[in-house]
Each structure stands twice: as C-alpha cells, then as structure tokens.
Amino acid sequence: MIDIQLIRENSREVIERLKVRNMDAAGLVERVAEADSERRQMQKQLDDTLAESKVLARRIGELFKSGKGQEAEGLKQESGRLKQQAKVLQERLDVVAGELNELMTRLPNIPHPSVPAGNTEADNEIVREEGKAEAAPPEALPHWELCKKLDIIDFEAGTKITGAGFPVYKGKGARLQRALIAFFLDEADKAGYTEIQPPLMVNADSAYGTGQLPDKDGQMYHVQSDDLYLIPTSEVPVTNLFRDTILKEDELPVKYTAYSVCFRREAGSYGKDVRGLNRLHQFDKVEIVQVTHPEKSYQALKEMVDHVAVLLKKLELPFRVARLCGGDLGFAAALTFDLEVWSGAQGRWLEVSSVSNFETYQSHRLKLRYRSSEGRNLHAHTLNGSALALPRILAALLENNQDKGGVIIPEVLRPYTGFDRI
RNA sequence: GGAGAGGUGGCCGAGUGGUCGAAGGCGCACGCCUGGAAAGCGUGUAUCCGUCACAAGCGGAUCAAGGGUUCGAAUCCCUUUCUCUCCGCCA
C-alpha cells in the first residue's frame with residue numbers, strides 16, 4: 001500500500017497522479033483521510049484511558065500494601081469503569097483501523113512520472129526494439145503443431161491426466177526446457193543474484209504481503225484442507241522472505257533469483273491467444289528480485305531490464321521493450337517494462353517478461369525496512385522481473401528456429417542441451 | 001499420527017502476580033587507552049502507534065498469536081500455532 005503520509009500531506013497530488021491509471025480516486029482518498037483522522041482520535045482516547053487506569057492500579061497496589069484496604073476497595077470500582085471504557089474504545093479502534101486498512105489496500109500504487117497515459121496495451125510506449133520481426137515463411141508451423149510433429153510437448157496427454165493448460169514435456173522438449181532454466185539461473189548468478197529455491201505453496205499472510213490477496217483472490221489455486229495457496233510466481237515466497245524485516249543499509253541491494261513452477265487459474269480465457277504454450281495453468285519461470293535503497297531503485301530497474309534483454313539477445317530472439325501505460329500498469333507497480341519476443345509463425349509479440357519497480361508499495365505491506373545511516377528505519381524499494389518465463393520463450397524459440405528438418409538450438413544453449421537440433 | 005517439553009530483546013539467558021520493555025552475558029556502535037591493534041575501561045544499543053516539526057520530551061502497545069482471570073500478568077487459566085525430544089509412518 002502507499003504511504004498514508006502522502007495522503008495526509010498532499011491528497012490532491014495523489015488523486016492527480018492516479019488519474020494516469022484512469023482512476024478517479026477522489027472519493028476513496030477522502031474516505032481514507034477521514035478514517036485516518038478518526039483512527040488517530042480513537043487512539044488518543046484509548047491511550048489516555050489506559051494511562052489513567054495504569055496510574056490507578058498502581059495507587060491501589062500501594063494502598064493495599066500500606067494496609068488501607070478500605071480505600072482501595074473504593075478505587076476498584078473506578079478501575080472497573082475505566083477498564084470497560086478501554087474495552088469499548090479498543091473495539092471501536094479496531095473497527096476503524098480495519099476500515100482504514102481495507103480502504104488503503106484498495107488504492108493502487110502511484111505511477112512514476114514517466115508512465116504514459118493510456119488505456120490498453122496498445123498505448124504502451126515501445127522504448128526499444130532489437131532483431132528483425134519478420135514474417136515467417138508460409139510453411140512455418142505454430143509451436144503447438146511443431147511440438148506435435150516433433151513429439152516434444154504433449155498437450156493432449158496433459159489434458160488427460162490433469163486438464164487443459166498442463167502440458168507434458170517430453171524427450172528433447174523436456175531437456176530443452178531444463179537447459180533454459182539452467183541457463184537463466186547461471187546468467188542470474190553471474191549478475192550477482194543469489195539463488196533461492198522457495199516453497200511452492202504459501203500461507204495467506206504471504207499472499208497478502210505481495211498483494212495477491214485480497215486483490216487477486218481467485219487467480220491462485222487454493223488448497224483448502226491446509227489453507228495454503230499454490231504460488232502464481234516465485235515473487236510471492238521470495239519477496240516474503242523480507243516480511244517484517246529490518247535490513248542494514250549496507251546489506252542493500254539484496255539480489256535474489258529463483259526458479260519455480262508457477263500455478264495460475266487464469267479463469268475464463270479461451271481461443272487462439274491461449275493456444276499451446278501461450279497461456280498455461282502450470283508453467284516454469286525464473287524470477288529476479290531486488291530490494292534496494294530508495295535512491296537506487298530506478299537504476300536497479302534499468303539494470304534488470306538490461307539483464308533480461310541480454311538473455312534474449314543471447315538466445316537470438318527478436319524482442320522489444322515496452323513501457324506500460326497507466327491503464328496496463330499492475331496494481332502494485334510504479335513503473336513496469338514488458339519484454340516481448342517476436343513469434344514469427346504466430347505473427348505476434350509474446351510477453352515473456354515483466355520487470356517492475358514497486359517502490360515502497362510492497363514494503364509497506366511487508367513491513368520491509370532498512371536502517372538508514374542516521375539510524376532511522378525507512379521502507380526499502382522492491383523490484384522484480386521474470387528472467388524469464390519459460391513457455392513463451394520455448395514457443396518463440398521453436399517457431400523462429402525451425403527449418404525443414406526440425407529446430408536449431410541457439411549456440412548458448414548447446415552446452416546445456418547436449419544437442420544442437422531437434 | 002501418538003506422548004512429553006518448551007517458545008522472553010540481534011543471539012544466549014534470568015525473571016511464577018505489582019513500579020519489568022524486562023537482570024546478566026555475547027554481539028554491535030561510539031569513546032578512552034595504544035605507534036597501531038588485541039585486551040581492558042566507559043557509554044549506548046528493540047519495534048510500532050499517538051502528541052509533535054517523521055526533533056526532544058511525554059503518553060500508549062508489544063515477552064509466539066488470540067481470548068480470559070485480576071485493581072494490576074512476561075508471570076495464572078483457555079484456545080491456536082510453532083519448535084524440540086521419543087515413538088509410529090515415509091520420498
């Protein structure tokens with residue numbers, strides 16, 4: 001959530017800047033401001049009442065000790081009254097604080113000044129394009145057909161044993177996927193990211209910490225018997241490593257990378273856009289995460305985008321980088337760059353990475369802070385990005401590198417695959 | 001899954017109803033000492049909320065979490081949760 005201080009100090013600007021998201025936040029911001037001041041009043045009343053009863057309790061104790069039990073008995077009544085009052089105030093405070101919190105979670109992050117206005121992905125600003133996005137020769141197959149022909153991914157088998165969106169990778173297909181994962185992790189390692197293998201299920205607190213709950217309830221698979229959620233991305237467990245943490249300033253930046261399987265329900269999408277590997281319920285992804293000093297986060301964002309871009313270049317895939325417009329920007333992000341690879345056979349761009357700076361939005365929820373050199377505890381900035389999501393990379397790689405006999409493996413992957421073509 | 005023992009500050013560890021946010025130690029920071037360092041000595045060292053200038057000061061909360069008993073709880077009771085030990089099961 002955003003810093004409530006921003007609303008106390010300059011609610012007008014908050015409203016103004018949220019307009020970039022096509023959001024009219026005026027009403028919500030006003031209600032936050034009201035709830036905030038009410039909460040503070042309530043807090044004051046409660047504190048005063050407790051202070052009073054504390055003094056009283058001490059006096060009663062003294063009276064008992066000095067044998068003035070009679071006098072003490074009289075004060076007990078007063079004490080009981082204060083206790084009752086404190087209880088009522090506490091309950092009201094809890095209600096107000098709960099309301100305030102609920103309202104705050106409904107406010108998205110404030111977009112960075114560079115975020116362009118716009119509604120849909122069509123309004124995103126392409127900031128970079130590399131490689132040639134050429135139409136594939138007419139005989140080129142989309143990956144789902146290619147996979148069938150080469151017998152490397154079996155979609156029907158996955159549907160049989162689980163359901164749609166759970167492909168079965170097979171033979172060189174499985175090996176290629178594993179090669180990509182290893183390649184991505186090695187590259188992240190070289191770039192200074194520490195590898196993490198996180199749990200694939202998280203509890204509700206963690207899901208809340210990164211904003212999957214309550215905003216995206218229903219996106220995640222929920223294991224009811226144990227009240228756990230299958231992670232939609234390793235961002236969730238990895239970022240939650242920092243929940244309720246105060247880092248030392250010199251520990252920043254923290255750079256973590258994690259490979260994990262990801263699970264998404266993605267309810268209600270069908271058709272061409274989700275065929276084959278384009279959109280799955282279960283997929284693999286390597287994620288990079290950074291926790292930085294507030295002044296260094298945009299430098300880190302650039303570094304992360306560049307890292308992903310280098311991966312794509314090494315894989316020899318044509319790609320472009322888009323700065324997301326206000327309407328396309330995720331709830332928690334201040335600025336996001338999407339990286340998309342060109343899929344010749346499908347004739348379209350596939351999103352393979354999304355790199356975001358959340359500034360302090362996540363760290364407020366997570367209570368992630370660092371101790372500044374002046375000894376103050378300040379919220380750190382968090383960033384994350386895919387580096388990379390496997391299925392679409394696999395799709396683009398297969399489609400773009402196909403020739404008559406099969407598929408050519410890019411040079412960088414050969415040490416990992418052990419073969420140079422499929 | 002069964003039985004038992006426990007969860008106190010960055011760590012270890014006192015503390016079984018009163019002035020305890022909490023002794024002591026370690027660690028850490030700063031200072032003294034030193035040519036420099038170690039040792040030694042000294043000082044300081046949790047988080048959040050409110051008031052307020054996001055200062056000082058003051059008030060409140062927090063000893064796993066939640067609830068209860070009591071004038072008063074880290075200390076007593078209940079529930080939950082986690083850890084450890086033993087047994088069972090098991091990749």
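The structure displayed is predicted, hence computed values, not measured ones. In what follows, chains are A, B, ... by sequence order, proteins preceding strands, each numbered from 1.
Within 4.0 Å (heavy atoms only), A:Arg376 reaches at least one base atom of the nucleic acid. A:Ile246 comes within 4.0 angstrom of sugar-phosphate atoms only, judged by non-hydrogen atoms across all strands, and of no base. As judged by a 4.0 angstrom heavy-atom cut-off over every strand, A:Lys44 is placed among residues touching the sugar-phosphate backbone only. At the heavy-atom level, A:Lys248 lies nowhere under 4.0 Å from the strands shown. Within 4.0 Å (heavy atoms only), A:Leu56 reaches no atom of the nucleic acid at all. Here A:Arg8 lies in heavy-atom contact (under 4.0 Å) with sugar-phosphate atoms only.
Checking B:G60, B:G50, B:U19 against every side-chain atom of A:Leu50, the shortest atom distance belongs to B:G60. For A:Lys83, whose side chain is taken as the heavy atoms from C-beta onward, the closest listed nucleotide among B:A46, B:U70, B:G18 is B:U70. In the set B:G60, B:G50, B:G18, the nucleotide with an atom closest to the side chain of A:Ala57 is B:G18. With distances taken from any side-chain atom of A:Asn377 to the nucleotides B:C49, B:C71, B:U47, the minimum falls on B:U47. When distances run from any side-chain atom of A:Lys54 to the nucleotides B:C71, B:C49, B:G60, the shortest one goes to B:G60.
Nucleotides of RNA chain B nearest to A:Arg40 and A:Ile60 differ in position, and the one nearer the 5' end is that of A:Arg40. For the pair A:Asp48 and A:Arg369, nearest-nucleotide mapping onto RNA chain B gives the more 5' position to A:Arg369.
A donor-acceptor contact closer than 3.5 angstrom links the side chains of A:His143 and A:Glu399.
Rounded to whole Å, the distance from CD on A:Glu91 to C1' on B:G66 is 14 Å. Rounded to whole Å, the distance from CD on A:Glu62 to P on B:G72 is 16 Å. Atom pair A:Asp205:CG and B:U80:P shows a separation of 19 Å (rounding to whole Å applied). In this structure, the CG atom of A:Asp244 is 16 Å from the P atom of B:A64, given to the nearest Å.
Checked by distance alone, A:Asp47 brings a side-chain donor or acceptor within 3.5 Å of a matching partner on the base of B:G59.
Remark: A:Arg264 fails to qualify as a cation-pi partner of A:Phe283 under the 6.0 Å distance and 45° angle criteria applied to the six-membered ring.
Of the side-chain N and O atoms in A:Lys87, one or more sit less than 4.0 angstrom from OP1 or OP2 of B:G68.
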